[in-house]
Amino acid sequence: MIVEYRLAGKRGVNFLVSLLVGVAFFASCGGSHSSSTYDGDGEELPLKYAENLSIIKHPDFTEVTVRNPWDTLKTLQKYILVNRDSVTPENLPQGTLVKVPVTNALVYSTVHNSLISELGSMDAIGGICNSKYVNNPELQRRLASGKIADCGVSLSPDLEKIIKLNPQVVMLSPFENNDKYAKVGELGIPIIECADYMETSALGRAEWVQFYGLLFGKEQEARQMFEETERNYNRLKALAAETSSKPKVLIDQRYGQVWNVPGGVSTMGKLIEDAGGINPFASYAQSGSVPLAPEKVLGEAHDADVWFVKYNQEKDKSMAELAQDAPVNSRFKAYRDGRVFGCNTHYVDYYEETPFHPDRLLEDMIAGMHPELNLNLRYFKQLSN
């Protein structure tokens with residue numbers, strides 16, 4: 001259902017509210033399905049690393065369960081994937097019904113926009129949030145031409161454009177104690193909660209590509225992508241394990257009043273370890289980032305040997321500029337020793353590639369931490385004076 005309309009004043013607001021209710025009703029009729037009579041077994045897809053995801057394939061549907069990463073005894077979402085061209089089976093298990101392959105998705109994150117494009121399903125991206133972060137030239141062209149709808153920013157998306165787009169799914173990254181995504185959650189459109197970023201290892205996050213491959217009819221391509229990533233990652237990890245040094249590693253810098261550091265069981269924390277380094281914040285048993293005061297970071301990581309920092313600006317950052325960013329920056333050992341590596345995401349596809357190709361990031365980190373191995377840098381380069 002595609003609806004075109006204009007809003008004007010109070011009357012327009014009332015119309016929008018009525019329309020939201022109507023869309024929610026019709027979308028919910030096709031977006032969810034529950035039954036308590038289903039009783040059957042399926043074949044579980046073996047996942048080696050992902051802890052918050054399980055996939056069970058049945059003859060007529062696929063059952064995907066996303067575990068709540070903030071309360072691992074609970075389920076965040078359960079999806080029932082059914083072939084779009086087949087008759088919907090009766091007595092399906094309880095869960096959110098999603099017809100696959102998805103051909104019209106609203107995607108909030110540039111991470112998943114890039115992954116969907118790499119899988120060969122760019123045509124299935126109907127709308128994007130946070131478009132200013134899109135680096136892919138073809139996605140930019142489609143946004144400029146209107147072929148892909150710009151649905152605003154993820155924290156306050158444009159409901160008019162979403163209703164007009166009428167996507168089959170909305171893909172977004174969930175957060176703890178969210179309010180079910182405000183008005184978007186009331187539209188009845190299946191919400192794919194992309195909790196991959198909450199995995200406790202880089203390969204665990206990368207393995208979620210198999211779920212996304214199922215969504216877009218790219219199961220084989222997704223499997224091949226992950227298997228190649230896994231081989232490369234484990235080869236590099238074994239190489240780093242042979243080194244004798246264990247440098248302490250600092251990540252990023254202060255933004256606003258806090259410095260987000262990698263928790264002890266986060267994907268970045270695991271990457272540091274697999275690259276043959278030490279995470280100064282390993283004692284924080286969190287799978288995401290930990291917000292700390294800059295002074296606290298200095299107290300715990302003042303002797304960090306290597307520093308990897310990401311930033312977004314037109315010109316590459318210099319060591320002098322890094323010191324100007326915050327007084328605390330020049331007090332770290334890595335700064336004094338000149339072992340600071342920067343990644344300018346203004347033109348480097350760091351966020352687009354590394355979540356599902358952590359082997360590439362691992363090679364960068366090993367190259368910076370263990371220069372004797374003579375590996376190449378892809379995303380980072382040593383800051384100059």
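- Salt-bridge formation is detected for the pair Arg141/Glu138: a Lys NZ or Arg NE/NH1/NH2 atom is positioned less than 4.0 Å from an Asp or Glu carboxylate oxygen.
- Neither side chain, Asn135 nor Tyr350, offers a donor N or O lying under 3.5 Å from an acceptor on the other.
- A chain of hydrophobic side-chain contacts below 4.5 Å, direct or via other Ile, Leu, Val, Met, Phe, Trp or Tyr residues, connects Leu76 to Val169.
- Taking OH of Tyr284 as the start and CG of Asn279 as the end, the distance is 10.5 Å to the nearest 0.5 Å.
- For the ring pair (Phe, Tyr, Trp, His ring centres under 6.0 Å) test with Phe341, the passing option among Phe380, Phe308, Tyr335 is Phe308; the others fail.
- Using a 4.5 Å cut-off between side-chain heavy atoms of Ile, Leu, Val, Met, Phe, Trp and Tyr, with links allowed through other members, Val134 and Ile148 fall into the same hydrophobic cluster.
- One hydrophobic cluster, built from ILVMFWY side chains closer than 4.5 Å, cannot hold both Ile278 and Val297; they sit in different ones.
- Val261 and Met365 are not part of a single hydrophobic cluster, where members link through side-chain heavy atoms under 4.5 Å apart.
- Ion pairing between a basic and an acidic side chain is recognised when a charged N comes within 4.0 Å of a carboxylate O; Glu186 and Lys183 show such pairing.
- Atom CZ of Phe226 and atom CG of Leu47 lie 8.0 Å apart (nearest 0.5 Å).
- The closest side-chain donor-acceptor pair between Thr200 and Glu51 falls under 3.5 angstrom.
- Atom CD1 of Ile366 sits about 8.5 Å away from atom CG of Asp274, to the nearest 0.5 Å.
- The structure places OG1 of Thr229 at 5.0 Å from NE2 of His357, a figure rounded to the nearest 0.5 Å.
- Residues Arg339 and Asp305 are not paired through a salt bridge, judged by the lack of any N-O separation under 4.0 Å between the basic side chain and the carboxylate.
- Between the side chains of Asp325 and Tyr311, no donor-acceptor pair is found at a separation under 3.5 Å.
- In plain terms, the two heavy atoms of Thr75 and Thr65 that are nearest each other are CG2-CG2, 3.7 Å.
- When every heavy atom of Cys151 is checked against every heavy atom of Cys129, the shortest pair comes out as O-SG, 3.7 Å.
- Here the shortest heavy-atom pairing between Asn130 and Val153 reads OD1-CA, 3.5 Å.
- Here the OG1 atom belonging to Thr62 is positioned 9.0 Å from the CG atom belonging to Leu45, to the nearest 0.5 angstrom.
- Annotation: the span from Ile80 atom CD1 to Asp60 atom CG amounts to 12.0 Å, rounded to 0.5 Å.
- Nearest heavy atom pair, residue Ser154 against residue Tyr108, reads CB-CD2, 3.4 Å.
- Of all heavy-atom pairs spanning Lys147 and Asp123, the tightest one is NZ-OD1, 4.4 Å.
- Judged purely by distance below 3.5 Å, without hydrogens or angles, the side chains of Glu353 and Ser114 never pair a donor atom with an acceptor atom.
- For Tyr133 and Tyr351, the gap between ring centers reaches or exceeds 6.0 Å.
- Under the 4.0 Å criterion applied to side-chain N and carboxylate O atoms, Lys164 and Glu160 are not assigned as salt-bridge partners.
- Results of the side chain to side chain donor-acceptor pair (under 3.5 Å) test with Lys57 over Glu63, Glu43, Glu219 single out Glu219 as the only residue that passes.
- The heavy-atom pair separating Asp196 from Arg205 by the smallest distance is OD1-NE, 2.7 Å.
- No salt bridge links Lys315 with Glu321; every basic N to acidic carboxylate O contact stays at or beyond 4.0 Å.
- Checked for salt-bridge contact, Arg378 and Asp349 miss the test: no charged N lies under 4.0 Å from a carboxylate O.
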